[in-house]
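See below for the structure under consideration.
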Amino acid sequence: MKIQISNMNLKQIAESGQCFRWKEINTDTFVIPGDSGKNIGLPDLTIKQEGDIFELSCNDDDWNSQWYEYFDMPTDYEEVKERIFSSGDEHAIEAYKEGAGIRILRQSLWEMIVTFLVSQNNNIKRITASVDAICDLNGGRFPYPGDIKPKIFEEINLGLGYRVPYLKEIYEYAAENPRWLTKLQSMSFEEANATLQERKGIGPKVANCICLFGLHQVDAFPIDTHVKQFLKEYYPNGFDFEYYKGIAGIIQQYLFYYELKHK
DNA sequence: TTACAGGTCTTGT
DNA sequence: ACAAGACCTGTA
């Protein structure tokens, strides 16, 4: 199928550090694993961008029931744009222009938990390699609790370094507490954020990433080394979180992407 | 060779 | 509550 979508750029999303399993098979053409979203059994999606026209390998039903949400179509990015431009905040405007096609994907919560545990004090290239290695344990599909035995992390070198016990423990915990994920989904941002940080290896930054990318809590604002640098350089007197309430997490992605590109 | 990467934990004050 | 220091490892 073929459709027109505004405010979306696949390449920018792929580079924005929120998804680590997209494969670019051609220029502006990506394969996205079907289990990246909320329906584990979905076929992989091939999607090709030409301007604001997108050609997808799925049918209308799968678009309407699955990928529409995955690409965050329910969010009005035109409104986000207007709020940024009417803010008078020149640094946010500048950052926005750099990554105007970024969207906050609505990805699998479990995948985000595991992925951002891996991400700490790490680089995107190695995170991708480790996530791929973790999927290889499960025939290429992202392993859910119970799909693999937690001890596997100690037995096979997946390039996780000191994060091995974190991964082992989170797989154990989630298998023993099967309602944990659904509980997180019913919590407020503050509750979910605090609950996530009860797990070993999940601190404030990783918890905010999980809230933003796995729970679509758009008030989450992960402060990593890049965003910290951006805030320090351009907002020495503080960043106006109040003004951006409701879209702070989206803004955060523009700042992150801008800083990543200008380094 | 040293520093850094989408940080967190432990320990000491 | 806050500040060091340690921590795997590939890349520049």
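All values derive from a computational prediction rather than experimental measurement. Reckoned from all heavy atoms, side chains included, excluding hydrogens, waters and symmetry mates. Just so it is clear: chains get the letters A, B, ... in the order the sequence lines come, proteins before strands, and each one is counted from 1.
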* Near-ring test A:Phe221/A:Phe239, centroid separation under 6.0 angstrom -> yes
* To do: Among C:dT11, B:dT8, B:dA5, find the nucleotide with the atom closest to the side chain of A:Val206.
  => B:dT8
* Shortest side-chain distance from A:Asn121, nucleotide among B:dA5, B:dC9, B:dT8 -> B:dA5
* Which of the following nucleotides, C:dC8, B:dA5, B:dT8, is nearest to the side chain of A:Arg126? -> C:dC8
* Do NZ/NE/NH1/NH2 and the carboxylate oxygens of A:Arg83 and A:Asp89 come within less than 4.0 Å? -> no
* To do: Please tell me which of the listed nucleotides, C:dC8, B:dT8, B:dA5, lies nearest to the side chain of A:Asn123?
  => B:dA5
* To do: Would you indicate what A:Tyr257 reaches in the nucleic acid, counting non-hydrogen atoms under 4.0 angstrom: base, sugar-phosphate, or nothing?
  => nothing
* Under-4.0 Å salt bridge between A:Arg103 and A:Asp72 -> no
* A:Lys263 has an atom NZ; how far is it from atom P of B:dA3, in whole Å? -> 16 Å
* Determine which nucleotide pairs with C:dC8, using a 3.5 Å limit on both distances of a Watson-Crick or G-U wobble pair. => none
* What integer distance in Å separates A:Gln120:CD from C:dC7:P? -> 15 Å
* Where is the tightest heavy-atom contact between A:Cys135 and A:Pro143, given as atom of each residue plus distance? -> CA-CD, 4.1 Å
* Structure fact -> Of B:dT8, B:dG7, B:dA5, the nucleotide closest to the side chain of A:Pro204 is B:dT8
* Asked: Distance between the C1' atoms of C:dA3 and B:dA5, in whole angstroms?
  -> 22 Å
* Starting at CD1 of A:Ile170 and ending at P of B:dT8, how long is that distance when rounded to a whole Å? -> 13 Å
* Asked: Hey, does A:Ile124 reach any base, or is it just sugar-phosphate, or nothing, if we go heavy atoms under 4.0 Å?
  -> sugar-phosphate
* Asked: Base, sugar-phosphate alone, or nothing: which one does A:Gly203 contact when heavy atoms must sit under 4.0 Å apart?
  -> sugar-phosphate
* Structure fact -> Heavy-atom nearest nucleotide on DNA chain B taken for A:Tyr166 and for A:Lys125; more 5' hit belongs to A:Lys125
* List in chain and number order the residues that pass side chain to side chain donor-acceptor pair (under 3.5 Å) with A:Asn177, two or more places apart in sequence or in another chain; answer none if no residue qualifies. => none
* Tell me what A:Ser16 touches on the nucleic acid: a base, only sugar-phosphate, or nothing, going by heavy atoms under 4.0 Å. => base
* Asked: Do A:Arg163 and C:dC8 share a donor-acceptor pair, side chain to base, under 3.5 Å?
  -> yes
* Which part of the nucleic acid, if any, lies within contact of A:Gly201, taking any heavy atom under 4.0 Å across all strands shown: a base, the sugar-phosphate backbone alone, or nothing? -> sugar-phosphate
* Asked: In whole angstrom, what separates A:Ile127's CD1 from B:dT8's P?
  -> 12 Å
* Asked: Rounded to the Å, how far apart are A:Asn122 CG and B:dA3 C1'?
  -> 15 Å
* To do: Using whole Å, report how far CZ of A:Arg199 lies from P of B:dC9.
  => 11 Å
* Asked: Could you state the CD1-C1' distance from A:Ile202 to B:dT8, rounded to the nearest angstrom?
  -> 11 Å
* Taking atom C1' in both B:dC9 and C:dG10, compute the distance separating them and give it to the nearest angstrom. => 23 Å
* Structure fact -> Taken to the nearest whole Å, NZ/A:Lys228 to P/B:dA5 is 11 Å
* Asked: Looking across every strand, which nucleic acid part, if any, lies under 4.0 Å from A:Glu259 by heavy atom: base, sugar-phosphate, or nothing?
  -> nothing
* Salt bridge check: are A:Lys23 and A:Asp132 linked by an N-O gap of less than 4.0 Å? -> yes
